[in-house]
Amino acid sequence: MRQIQFFDTSLRDGEQTPGVNFNTKEKVQIALQLEKWGINTIEAGFPITSQGDFEAVQAIAKAATTMTVAGLARCQKKDIDRAYEALKEAKFPQIHVFLATSNIHMRDKLKMTKEEVIASIKEHVSHARSLFEKVQFSPEDATRSDRDFLLEAVQTAIDAGATIINVPDTVGYSNPKEYGELFAFLISNIKSDQEIIFSSHCHDDLGMATANALAAIENGANRVEGTVNGIGERAGNTALEEVAIALHIRKDHYQCESSIVLNETKRTSDLVSRLSGMAVPRNKAVIGGNAYAHESGIHQDGVLKNPETYEIITPQLVGVHNNALPLGKLSGRHAFTTKLAELGYTVTEEETNALFKRFKDLADKKKQVTDEDLLALVADQVRSGDEAYHLEAVQLQYVSNGHQGAIVSIKDTEGQEKVASAVGSGSIQAIYNSIDHVFDQHPTLTHFKIVALTSGEDAQAEVRVTIEDEATKEQVNGIGVDFDVLQACAKAYVQASGILKAKRGA
Ligand code: KIV
Ligand code: ZN
């Protein structure tokens, strides 16, 4: 059977989702989980864009043991050299060079002629090949490019040393028939003595990203690019979990295999959802909360008699567990660390100490600490470990009818404490106004969501917020988890405010 390679760009294209910012620690955590999931190549970042991105790519390059680690670069020498610096310690490094080939991009964005674009591809792919064994080239906006010119650009990249050709549907414009035909056209017309891997890269603007990726595979693509949960620019990218499961469930049709460890799918999705702050819609294919729920009586009856009547994917296949062994307050450190390992977490001794303490505090308040609780605690710990600000205390003055008052105290990493108070029409508004005083900024709250992590009145609350900078309109996310809902609200807002402040350089 044909083997399809999986290329994950959650940390590059995925991080281009408005509001999503991973810190280096989070990126390494995600990268290690992607490796466990069976990803062949990870695009760890775009090293030239910032020192933070450079360091994250470097850290992932050092941490990955089986995956190829790629870095993105424009057709510019300085980008390629920077990617080389970031990736030189990777066991299996790869560079991904791109340049747009559609008329609209060349004319209005690049302000380059076709001849200049071809010359640039030749020069920069050759330079990349002088530094890297594996060079991937992407003609950006390929699906809106003139076909003959696209072929010329791809052939130029191959002649200059690229062995991986990625065909981006940058604006999510294509449909499965067209996209499939484009692969068939390119594959049958390029000339090369070496094996060339063709790869799909789709965006979901018209809701066809997964279908397009599968059409590419049917027409000869041996690699699929995408992100976990489909996060990414605008409507997002191809959701890799959807392609992996589709190839498995419909092996009869696609006749392809992959190295994806399917029962690591849910865990991978949960981790990316928590660290990105992007909740997975309940009705999302493959990993949504409703994917294995059966509501109507007829369906329930059928599933009880034979699950296959209405269930083509079993929860076990993707690693959805029924939480058989929750922990309680009598559970010791051994049970706790065993559970963490079962959930797939590799945490340092220091993190285990902090987590165990938080687990014990929680177990004092909650009868049963479930997998969901633990996953939230771990993600919160990974995130808050690098945070520049820490919520020390919230004090509220509540009146049943009138303005609420709040006092918050926040410490920075140097231990400096700032206290501020404010009023608001409700308790959360009073808390958020106080936090704004501490940070001396006034972002707009564009998204706010509270969910109970488990059922029962002793459930932990998880709050996700998105705030937008008044001037730049840049958005950042924050997540707070706590037994107390107002404390969770405050934590989420402090986290987002700290990230925003760092971005403003204030
Ligand atoms: O969508 C796109 O065109 C991209 C390229 C950089 C590959 O993400
Ligand atoms: Zn993209």
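As the structure lists them, so they are numbered: ligands from 1, and atoms in each ligand from 1. Computed from a predicted model, the values in this text were never measured in an experiment.
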Student: Please answer whether the main-chain N or O of Thr49 pairs with a side-chain N or O of Asp53 as donor and acceptor at a distance below 3.5 Å.
Tutor: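 No, Asp53 side chain to Thr49 backbone: no donor-acceptor pair under 3.5 Å.
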Student: In terms of residue, atom name and distance, what is the protein heavy atom nearest to atom 4 (C) of ligand 1?
Tutor: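 The closest heavy atom on the protein side is His201 NE2, 3.5 Å.
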Student: Mind checking whether Thr170 contacts ligand 1 via backbone (N, CA, C, O), side chain (CB onward), both or neither, at a 4.0 Å heavy-atom cut-off?
Tutor: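 The answer is both, backbone and side chain.
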Student: Using modelled atom types only, decide if a donor and an acceptor are shared between the side chain of Ser145 and the backbone of Arg147 within a distance under 3.5 Å.
Tutor: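 No, because the side chain of Ser145 does not come within donor-acceptor range (under 3.5 Å) of the backbone of Arg147.
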Student: Indicate yes or no: does an N/O atom of Arg12 lie under 3.5 Å from an N/O atom of ligand 1?
Tutor: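 Yes; the residue has a nitrogen or oxygen that sits under 3.5 Å from a nitrogen or oxygen of the ligand.
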Student: Looking at Phe6, is Arg223 sitting on its ring face, NZ or CZ under 6.0 Å from the six-membered ring centre and within 45 degrees of the normal?
Tutor: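 No, Arg223 does not lie over the aromatic ring of Phe6.
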Student: I'd like to know if Lys491 pairs up with Asp482 as an ion pair, taking the criterion as any Lys NZ or Arg NE/NH1/NH2 lying under 4.0 Å from an Asp or Glu carboxylate oxygen.
Tutor: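 A salt bridge links Lys491 with Asp482.
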Student: Just the protein N/O/S atoms under 2.8 Å from the Zn ion (ligand 2), please, no waters.
Tutor: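 Counting only protein N, O or S atoms under 2.8 Å from the Zn ion (ligand 2), the list reads Asp13 OD2, His201 NE2, His203 NE2.
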Student: Could you establish whether Glu225 and ligand 1 come within less than 4.0 Å of each other, counting only heavy atoms on the residue side?
Tutor: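 Checking ligand 1 against Glu225, which is what was asked, there is no heavy-atom contact under 4.0 Å.
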Student: Ion pair present between Arg12 and Glu15, side-chain N to carboxylate O less than 4.0 angstrom?
Tutor: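 A salt bridge is absent here (no side-chain N lies under 4.0 Å from a carboxylate O).
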Student: Check whether any heavy atom of His96 sits under 4.0 Å from an atom of ligand 1.
Tutor: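 The answer is yes, since His96 has a heavy atom less than 4.0 Å from ligand 1.
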Student: Does NZ or CZ of Lys501 lie under 6.0 Å from the centre of the six-membered ring of Tyr389, at an angle within 45° of the ring axis?
Tutor: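 The answer is no, since Lys501 fails at least one limit relative to Tyr389.
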Student: Assess whether a salt bridge exists between Arg274 and Asp270, defined as any Lys/Arg side-chain N lying under 4.0 Å from an Asp/Glu carboxylate O.
Tutor: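 Salt bridge: no.
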Student: I'd like to know if Arg250 pairs up with Asp252 as an ion pair, taking the criterion as any Lys NZ or Arg NE/NH1/NH2 lying under 4.0 Å from an Asp or Glu carboxylate oxygen.
Tutor: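 Counted as a salt bridge, because a side-chain N and a carboxylate O are separated by less than 4.0 Å.
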Student: Assess whether a salt bridge exists between Arg2 and Glu257, defined as any Lys/Arg side-chain N lying under 4.0 Å from an Asp/Glu carboxylate O.
Tutor: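 Looking at Glu257 together with Arg2, the answer is no, because their closest N to O distance does not fall below 4.0 Å.
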Student: Against heavy atoms of His203, which atoms of ligand 1 measure under 4.0 Å?
Tutor: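 Counting from 1, the qualifying ligand atoms are 1 (O).
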Student: Output yes when the distance from some N or O of ligand 1 to some N or O of Asn166 is under 3.5 Å, and no in every other case.
Tutor: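 In fact, backbone or side chain, Asn166 has no N or O that close.
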Student: Any atoms of ligand 1 less than 4.0 Å from a non-hydrogen atom of Glu140? List them with their elements.
Tutor: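 Matching atoms, with element in brackets: 3 (O).
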Student: Is the NZ or CZ atom of Arg74 both under 6.0 Å from the centre of the six-membered ring of Phe98 and within 45° of that ring's axis?
Tutor: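 Because its charged atom misses either the 6.0 Å distance or the 45° angle limit, Arg74 does not stack over Phe98.
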Student: Could you see which bit of Gln136 sits under 4.0 Å from ligand 1, with heavy atoms only: side chain, backbone, both or neither?
Tutor: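 Neither; no heavy atom under 4.0 Å.
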